[in-house]
Each structure stands twice: as structure tokens, then as C-alpha cells.
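The next block holds one structure in the form of C-alpha cells; read it before the comments.
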Amino acid sequence: MGYHWNWGVFLARVPSGETSYLGWMLSGLETTLALSLSASIIALVMGSVMGVLRTVPNRWLSGIAALYVEVFRNIPLLVQLFIWYFVLPELLPSGIGNAYKQMHPLLQQFAAAMVCLGLFTGARVCEQVRSGINSLPRGQKYAGLALGFTLPQTYRYVLLPMAFRIIVPPLTSEFLNIFKNSAVASTIGLLELAAQGRQLVDYTAQPYESFIAVTLTFMLLNAVIMGLMHRLEAKTRVPGYIGGGT
Amino acid sequence: MISIRNVSKHYGSFQVLADCRAEVEKGEVIVVCGPSGSGKSTLIKCVNGLEPFQDGEIVVNGISVGDPKTDLSKLRAQVGMVFQNFELFPHMSITDNLAIAQIKVLGRSREEAVGRGLKLLERVGLSAQAEKFPGQLSGGQQQRVAIARALSMDPICMLFDEPTSALDPEMVKEVLDVMVGLAEEGMTMMVVTHEMGFARRVANRVIFMDQGRIVEDAAKEAFFGTPRSERAQQFLSKILQH
Ligand SMILES: Nc1ncnc2c1ncn2[C@@H]1O[C@H](COP(=O)(O)OP(=O)(O)OP(=O)(O)O)[C@@H](O)[C@H]1O
Ligand SMILES: [Mg+2]
């Protein structure tokens, strides 16, 4: 094997000279972080709202939430991204559509990827939230209502605090998935971490250094998220509670 | 206080309650018993609107439960309910379990709510447990907290759905003692239970249900003396054997 290792490549200037290859990688990391975190927020909010709606005793509301899950969970992520990025702007009322098209291309890519990842993952979070709520004993809801709580109060004070505690582990893997899935944004040209890694290969012919760096960074992100979620789990642990419902 | 008038309920074609009628006067203690699946839980849950019913009417303290215009939350805040499985909120300390509804539903200040909660905790003999969590208490202790939680709302009447049937035998008494104390203070109570000792001691009347019907509604003495229906006689002889 005549591969010529050169870890110094990261310090070399890029062709335009404005930064180093390390600078590219860091800006890719920044984009990946910004994209994943903003998509996580959308996923958490949408997933929680829809997950709650799936469990309420109202056919229309739970139907809407079920439809949301069906649509966003069953269309491949890549197809969804293309729809958000290429198709939807054409379908929007011309006012909004034009405003969108006049945004900086980077922002367009970012916005499309953020909404896409957020709603895609939200559909999965929705199912976690629903199963968390459904795993609680039925009597918990009765007990909340019997004390005079309204249904929203019963969710707020009784059901959701326990449901979210129960679903921390599956939510952790959804957050990890968001980071991994954020790489599909490179297909519409967004220069996130994986795309920057590929760009580096194109310019320097040092593929191993590039992909090792990208892989290690993703692994590091994984470890950080798992660590944070474990901390969260430990902090919210309920004294004396032995899971499951009756 | 509680007036159940010709109430019927069905799931699809299955009749859970059939033309149930009963009156509970202020200060009365009514014990509801009957075989498993006879509709006792369903009936008692209809009283505070936790279960909807299709026909008939239930009036609690002058308010019609089935009326769509009734503010059910407001009504339920005045009707205490105790469940078979306690249903304390596991993520809250005992103090918070006692205070939360007072604060969020009745609008009491936190100090007032905690003060009232602790007083009731003392009454059920659990002052030492205030800072613990439900999962750290025994079943009997949890059920006493659940009773205190219901009382913290200053209810006009109390509903109990088999409050001792999930308990180990040695814990039944501590819960029944609290309930007897309540009854003797004049609390209006509707109690689903098979504890006939409790019924003998404090009940004014006993209602016997079978297959969704109220088969017997008799003064305690009459019920234990000579129940008129054969089903009630069979049932009594079965549960009084042990
Ligand atoms: N959601 C439901 N759908 C269909 N049937 C139901 C439903 N809930 C209860 N039932 C049926 O209604 C009947 C009455 O139930 P209920 O819980 O009121 O009985 P119960 O007298 O309290 O019995 P137990 O002593 O076992 O608690 C039972 O046959 C039960 O199977
Ligand atoms: Mg029952």
C-alpha cells in the first residue's frame, strides 16, 4: 500500500486561501450541530404535541396525529428532503415562495433540512410519547381528573412527567439518529460535516484522514449526547419507582 | 347528596349498567358490593363523570353529571375519590401529592396547601413520611396518603373503589380505620368493598349489584339479616366463609 499519510493536511490552506481545511471541518461541524439541535427542538415539540393528541379521547385530533405519523414515518427521509427543498417552494403561495427563494442559498438549504429532519424525527418521537403515555396505569389519568384537574392539567402534571421519564432511553436514540441523519442534507448541497469531509477528499486526495476525522467526530458527538442523556435520566429518577404499569 | 336515576350504560351491545337507581343522603355511608364484573367500579365512576353513561341521570349536590353544560372538573374537585391501586403520582413527594391539586385547582397558596396537606397527613398517621415518594411507602401507607389527598380538597362526599383489595391483609385494618373515622365524622361516602366488617360497622345501607343491575338496596340490618335476592344470599355466604 503506497498510501501517503499526511495528518498535516488539516492545517493546509484551502485553494481560496481564506481558511485551512481544519476550518472547513469545523464549519461543517458547526452546521451539523446547528442543524441537529434545531431539528431536535422541532422534533421534540412536534412529537410531544402529536404524541399527546394521539392519546386524547377525540377522534379528529387523534386522527390528525395518526396521519402525521403515517406520512412522515413512511416516506424515505431523502425523498422528504427533496420534496421540502425542490418541490415545496414551487407549491407555496407566490409571496412566501419568492421570499424563500430570495433567501441566501445556504439558508434555504438549512431551513429545508431543519424542517425535514425535525418533522421526520417528530413522527418517531410522537410514537415514543404515545407509548410512554399508554404505558402508565389507566388509573393515573382517572386520579388526576378525579382531583378536579382538567384534561390538559392532567397531562401536564400527572401523565407527561412520568411518560417523558419512561421514554428517555428511546428518545436518546432518536437524538443520535438526528445527528446521523443530518448527513443527508449534503445531498442538497448543505456543507455539514460529512460534506466538508468529502470536499476535503476532492481537493487533497487524503481520504483516510478525512473520513477518520469525520467518523471520530460523529463518535464523539454520540458519546456526548449519551452522557448528557444519562445525566438527565439520573437527575429525573423517581425515588422508589419500579417502572411499568399495572 | 347523590342521586342516581335510571342510569344505563353499554359498551356496544354489552350492558354494563342497567337501569340503576340509588339515593345517598348527606352523611350516609353506602356500601356497594357484588361479584366481579357486576359494574360496581363503572357505577361509582359514573358518579363523578369519569365514565360517561347513555341513559338516565346522576345528580350530585344539585348538579347534573351527565349534562354537557356541567363543568365536570369543578364538580370532581368537590368529590373525593380513592382507587384500588392508590394512584398517587409517583414523581412527586408525598407533600406535593397532597398539595398540587389544592394549588392548581383550588388556587390555594403553596403554604396553605402544604399546611393543609400536612395536617391531613398527621391525621392518617404518616407525618414522618412527608418528604418521601410514593414508591418508598407500603401499600397501606400509600392508600392512607391517597385518602388524605382526596380530603385535602375538602370534598362534600367521598367515593371509594375497593380501597383495600390491593393490600396485603395486615395493611387492610390501617386503611379501614381511617375510613371508619371519616364515616363517624359524618362524611357522605359511597364505598365499593367486600369488607363486610366495615359494612356492618358503619354502613347505613348496602347495595348489591349483579350483571349491571342493582339487585338489592337495603338497610344494613335487613341486608345482613335476610337478603331478599338469592344472588345476594349466595354472594354473602361465599364471602363470609373466610
Ligand atoms: N372499556 C370497556 N369496554 C368494554 N367492556 C368494559 C370496559 N370496561 C369495563 N367493561 C366491562 O364492564 C363490566 C363491569 O366492569 P366493572 O369494572 O365496573 O366491574 P366491577 O364490578 O368493578 O368488577 P371488579 O370487582 O372486578 O372490580 C365488566 O364485565 C367489564 O368487563
Ligand atoms: Mg371494580
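Keep in mind that this is a model prediction, so the values were computed, not measured. Labels below follow one simple rule: chain letters A, B, ... track the order of the sequence lines, proteins then strands, and each chain is numbered from 1.
- A distance of 6.0 Å separates CE in B/Met153 from CG in A/Leu147, rounded to the nearest 0.5 Å.
- Counting heavy-atom pairs closer than 4.5 Å to chain A, the top-ranked of the candidates B/Ser152, B/Ser73, B/Ala77 is B/Ser73.
- A 6.0 Å sphere centred on CD of A/Glu30 holds no more than 12 heavy atoms belonging to other residues, nucleotides or ligands.
- At most 12 heavy atoms of other shown residues, nucleotides or ligands fall within 6.0 angstrom of atom CE in A/Met226.
- With no hydrogens or angles considered, no side-chain donor-acceptor pair links A/Tyr241 and B/Gln136 at under 3.5 Å.
- Interface residue B/Lys104: backbone and side-chain heavy atoms are both found under 4.5 Å from chain A.
- Using a 4.5 Å heavy-atom cutoff, the side chains of A/Leu145 and B/Leu50 are in contact.
- For A/Arg165, the part sitting under 4.5 Å from any heavy atom of chain B is the side chain, from C-beta outward, and nothing else.
- Around atom CD of B/Gln84, more than 12 heavy atoms belonging to other residues, nucleotides or ligands sit under 6.0 Å away.
- In this structure, chain A has heavy atoms under 4.5 Å from both the backbone and the side chain of B/Phe89.
- Counted within 6.0 Å of NZ on A/Lys180, heavy atoms from surrounding residues, nucleotides or ligands total more than 12; the atom is thus considered enclosed.
- Between A/Gln140 and B/Pro90 there is a side-chain heavy-atom pair separated by less than 4.5 Å.
- A 4.5 Å side-chain heavy-atom check between B/Glu51 and A/Tyr142 finds at least one atom pair inside the cut-off.
- When all heavy atoms of B/Phe83 and A/Ala146 are compared, the pair lying nearest together is CZ-CB, 4.0 Å.
- Distance OG1/A/Thr150 to CG/B/Asp71: 9.5 Å, rounded to 0.5 Å.
- With hydrogens and angles disregarded, no donor-acceptor distance shorter than 3.5 Å links the side chain of B/His91 to the backbone of A/Arg237.
- Residue B/Lys132: no heavy atom, backbone or side chain, is found under 4.5 Å from chain A.
- Interface remark: B/Leu88 contributes backbone atoms only to the contact with chain A (heavy atom separation under 4.5 Å).
- Interface remark: of the candidates A/Met162, A/Gln153, A/Lys141, A/Met162 forms the most heavy-atom pairs closer than 4.5 Å to chain B.
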